[in-house]
Amino acid sequence: MVVLTQPLVETLSHIKTCKYNNTDVFTGIPVIDLSDPEANTLIIKACQEFGFFKVVNHGVPIEIMTKLESEAVNFFNLSQVEKDKAGPANPFGYGNKRIGSNGDVGWVEYLLLTTNPDLSYHKSIAIPGNSHLFWSLVNEYVSAVRNLACLALEKIAEGLRIEPKNVLSKMLRDEKSDSCFRLNHYPPFPELLQTLSGRNLIGFGEHTDPQVISVVRSNNTSGLQISLKDGTWLSVPPDPYSFFINVDDSLQVMSNGRFRSVRHRVLADSMKSRVSMIYFGGPPLSEKIAPLSCLMEEGEESLYNEFTWCEYKKSAYKTRLGDNRLALFEKKPQTKPATSAAQ
Ligand SMILES: C=C1C[C@]23C[C@@]1(O)CC[C@H]2[C@@]12CC[C@H](O)[C@@](C)(C(=O)O1)[C@H]2[C@@H]3C(=O)O
Ligand SMILES: O=C(O)CCC(=O)C(=O)O
Ligand SMILES: [Fe+2]
């Protein structure tokens, strides 16, 4: 018999579930080999069709990933009292089930960190144990994935035939780049409970990432799903040796809608913990987020009103996870002035 304790029942009543057929696996995921001379063109196709692709032959040593993963596991294995010392997430720090500050919850605990050294997050977030080792592994990992994100953005610029080729990557390399990094832990959710409700528990609710580009790496536990253009949800088979890249909202705008900011979510697994690490490459706060002028064809108009990353981020952080945050910034279709018949 499954005995649910009262606090668990209360928590679960706040977390969303979804009906999902476990056989819907994304077998057609674009796999980009970074050493392939055709990589530029293939990345563009993937950004247009899915806003999502997998990267192999990326040159990031596997130890950089596994060493940080094992530090993350050590952290998430600490007692609740110890982990809470690194919280609450405001927005940075340790968070448990609550995502953001607008009432979203999921079957997840996490550490959300800024990558901006000026904000000296090392000092404000108390990581119990060998914190020096923890921060040095975070820095090593973040600098490797930032390089990977920049390489992908340079390939995108080349594929779009726009110059200079660092037009996008320079935002992430800027010392004021407003990027962040997240370690997520999705504890297993007993199959029996899942079967009882006949539904899957949501680990991280559906959303798009607001930044420019996100680089996701996870252990060998599934859970990540992406939504196709027609709204179908497909599971992404995990691969701890590769990275998955998301097109984010700001890149959709910079491409004037040529690229798709991918809607994604994570479902809790019944048997195994999922541990993921995500680098969110963001521009400096003052950066204007607008279609790249070198990309616009003659007579092409921007689909969006002008805004800075600071304005977008402020607005995004007031919304719920699943909201279409770009909708507020889309230009309304011009209505023709009414010709008055009663003249
Ligand atoms: C509900 C929220 C959490 C989030 C900020 C927001 O108000 C809407 C966007 C969310 C998101 C999604 C991608 C990243 O995980 C994240 C760090 C981000 O920049 O935007 C989260 C925010 C968060 O967890 O605080
Ligand atoms: O944990 C994952 O695999 C993805 C989480 C995610 O989409 C996010 O943190 O924005
Ligand atoms: Fe995300």
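Just follow the structure's listing: the first ligand is 1, and inside any ligand the first atom is 1.
Among the atoms of Y317, some N or O lies under 3.5 angstrom from an N or O of ligand 1. Of the polar atoms of Q211, at least one N or O is found under 3.5 Å from an N or O of ligand 1, judged by distance alone. Considering backbone and side-chain atoms alike, R320 places every N or O at 3.5 Å or more from each N or O of ligand 1. An N or O contact shorter than 3.5 Å is missing between F280 and ligand 1 by distance. For a threshold of 3.5 Å applied to N or O pairs, the pair formed by T319 and ligand 1 contains at least one separation below that value.
Counting non-hydrogen atoms of neighbouring residues, nucleotides and ligands closer than 6.0 angstrom, the NZ atom of K272 exceeds 12 such neighbours.
Contact between R265 and ligand 2 is absent, with no heavy atom of the residue lying under 4.0 Å from the ligand.
Aromatic pair Y141/Y279: ring centres not closer than 6.0 Å.
Under 4.0 angstrom from ligand 2, there are no non-hydrogen atoms of V108. With a 4.0 Å cut-off on non-hydrogen atoms, Y110 does not touch ligand 2 at all. Counting heavy atoms closer than 4.0 Å to ligand 1, residue N102 contributes side-chain atoms (C-beta onward) but none from N, CA, C or O. Of the heavy atoms in K313, none comes closer than 4.0 Å to ligand 1.
Shortest contact from atom 9 (O) of ligand 2 to any protein heavy atom: R182 CD, 3.1 Å. Nearest protein heavy-atom neighbour of atom 10 (O) of ligand 2: H207 NE2, 3.1 Å.
Listed by number with element, the atoms of ligand 2 under 4.0 Å from a non-hydrogen atom of D209 are 10 (O).
Among heteroatoms of the N, O or S kind in D209, OD1 lies nearest the Fe ion (ligand 3).
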